[in-house]
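The next block holds one structure in the form of structure tokens; read it before the comments.
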Amino acid sequence: MLKKIQDLLKEVENFKSDSLDEIEQFRIKYLSKKGIVSELFSEFKNVPVEQKKEFGQMMNKLKTQTLIKVNQLKDSFTADDKEYSELDLSLPGSPLDSGSRHPVSIVKNEIVEIFSRLGFTVSEGPEIEDDWHVFSALNFPEEHPARDMQDTFFIEKNPDILLRTHTSSVQVHEMESMKPPIRTVSPGRVFRNEAISARAHCIFHQVEGLYIDENVSFADLKQTLLYFAHEMFGENTQIRLRPSYFPFTEPSAEVDVSCNLCGGKGCNVCKYTGWLEILGCGMVDPNVLEASGIDSNKYTGFAFGMGVERIAMLKYGVKDLRLYFENDVRFLRQFSSAF
Ligand code: DAH
């Protein structure tokens with residue numbers, strides 16, 4: 001028995017290899033649960049008492065020598081060698097996940113695309129604004145309760161610097177810098193100090209539309225919006241206009257489309273009315289034209305403004321606005337589009 005251990009010790013001492021695989025096989029042969037070392041240990045009980053001490057010592061020596069050998073051989077590989085020897089260049093590469101556009105971007109692009117077919121250009125304005133462009137030039141008198149319709153985040157007071165509450169502010173920039181005819185849509189982010197819920201968020205997106213020229217009429221506005229509704233929600237969509245109030249338009253209206261889920265019969269999405277509100281609009285108030293230096297005797301115009309998340313909710317049947325901001329890929333992956 002002792003002779004056997006001695007032979008094994010020699011074998012361990014003489015073992016050499018430059019292959020990680022072989023070294024691993026060697027380790028398994030000696031040191032695994034069913035390896036030589038543990039098998040010999042299990043024979044310990046059969047060893048005569050007077051040899052037990054020597055046998056034990058030899059066995060421990062065999063075990064440690066083998067461990068040292070394995071570690072030495074493994075350490076002789078540099079980190080790079082190890083990597084290369086384990087690298088199989090014939091394996092196929094791991095595929096890269098391709099991303100998709102955010103549903104709000106898809107719908108925003110689609111809105112812009114629809115109006116561009118009617119000759120509308122795209123314009124953008126700043127998100128940080130002054131009181132003039134967001135309120136005063138749009139015919140909100142100071143201290144007028146209409147300002148409360150849009151809870152505002154102020155950055156500075158006196159003079160007021162604020163986060164725009166609507167993209168109607170871009171109208172003012174356009175009218176100040178361009179001569180009619182003006183035909184433009186303005187997509188962008190807006191900010192309101194509102195409690196976040198399934199139907200409201202403190203950041204969302206709007207697209208504003210503005211058309212100013214000689215002889216622009218309310219009929220032009222209606223036809224433009226009908227075209228938009230057909231393109232966005234389908235050929236059979238109907239629209240209806242309800243009288244409303246906005247300081248910057250006179251007359252003003254809110255526009256509903258027939259519910260595309262129940263076809264106008266009534267369901268829980270349209271609250272059994274058959275109609276869904278999609279935007280506000282009206283004829284640009286002469287005060288607004290004059291405030292930006294446009295002759296209101298010569299020119300008329302219409303404007304409209306819509307929430308992109310709202311249109312996207314209606315289009316995709318999403319019931320909770322917050323999903324658009326959580327960026328959970330399981331939600332986002334469901335939308336794909338050419339836009
Ligand atoms: N700015 C309005 C809002 O955020 C939306 C709006 C209504 C825009 C009527 C318009 C308009 O241009 O004519 O609630």
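FYI, side chains are in, hydrogens and waters are out, and symmetry mates aren't considered; it's all heavy atoms of this structure. Ligands are counted one by one from 1 in listed order, and the atoms in each one are counted from 1 as well.
In terms of protein heavy atoms, atom 12 (O) of ligand 1 is closest to Glu208 OE2, 2.5 Å.
Counting atoms of ligand 1 from 1 in the listed order, those under 4.0 Å from a heavy atom of Gln206 are 3 (C), 4 (O). Close approach of ligand 1 to Ala303 is summarised as follows: ligand atoms under 4.0 Å from at least one heavy atom of the residue are 12 (O), 13 (O). For ligand 1, the atoms sitting less than 4.0 Å from at least one non-hydrogen atom of Gly282 are 13 (O), numbered in the order shown with element in parentheses. Close approach to Gly305 involves these atoms of ligand 1, each under 4.0 Å from a residue heavy atom: 6 (C), 8 (C), 10 (C), 12 (O). Every atom of ligand 1 with a heavy atom of Ser168 under 4.0 Å away is listed here by number and element: 1 (N), 8 (C). Numbered from 1 in the order shown, with element, the atoms of ligand 1 that lie under 4.0 Å from a heavy atom of Gln150 read 3 (C), 4 (O), 14 (O).
Heavy-atom neighbours of Lys222 NZ from other residues, nucleotides or ligands within 6.0 Å: at or below the threshold of 12. The neighbour count for Arg322 CZ, taken as heavy atoms of other residues, nucleotides or ligands under 6.0 Å away, is above 12.
Taking the centre of each ring, Phe191 and Phe204 stay at or above the 6.0 Å mark.
Phe248 counts as a contact of ligand 1, since one of its heavy atoms falls under 4.0 Å from the ligand.
Taking the ring axis of Phe44 as reference, the NZ or CZ atom of Lys52 stays within 45° of it and closer than 6.0 Å to the ring centre. Judged by the 6.0 Å distance and 45° axis criteria, Lys157 is positioned over the aromatic ring of Phe154.
Glu110 has a carboxylate O that lies under 4.0 Å from a charged side-chain N of Lys315, or vice versa, which qualifies the two as a salt bridge.
For atom 14 (O) of ligand 1, the candidate residues are Arg192, Met306, Gln171, Met283; the nearest heavy-atom contact is made by Arg192.
In this structure, a donor-acceptor pair under 3.5 Å is present between the side chains of Ser136 and Asp131.
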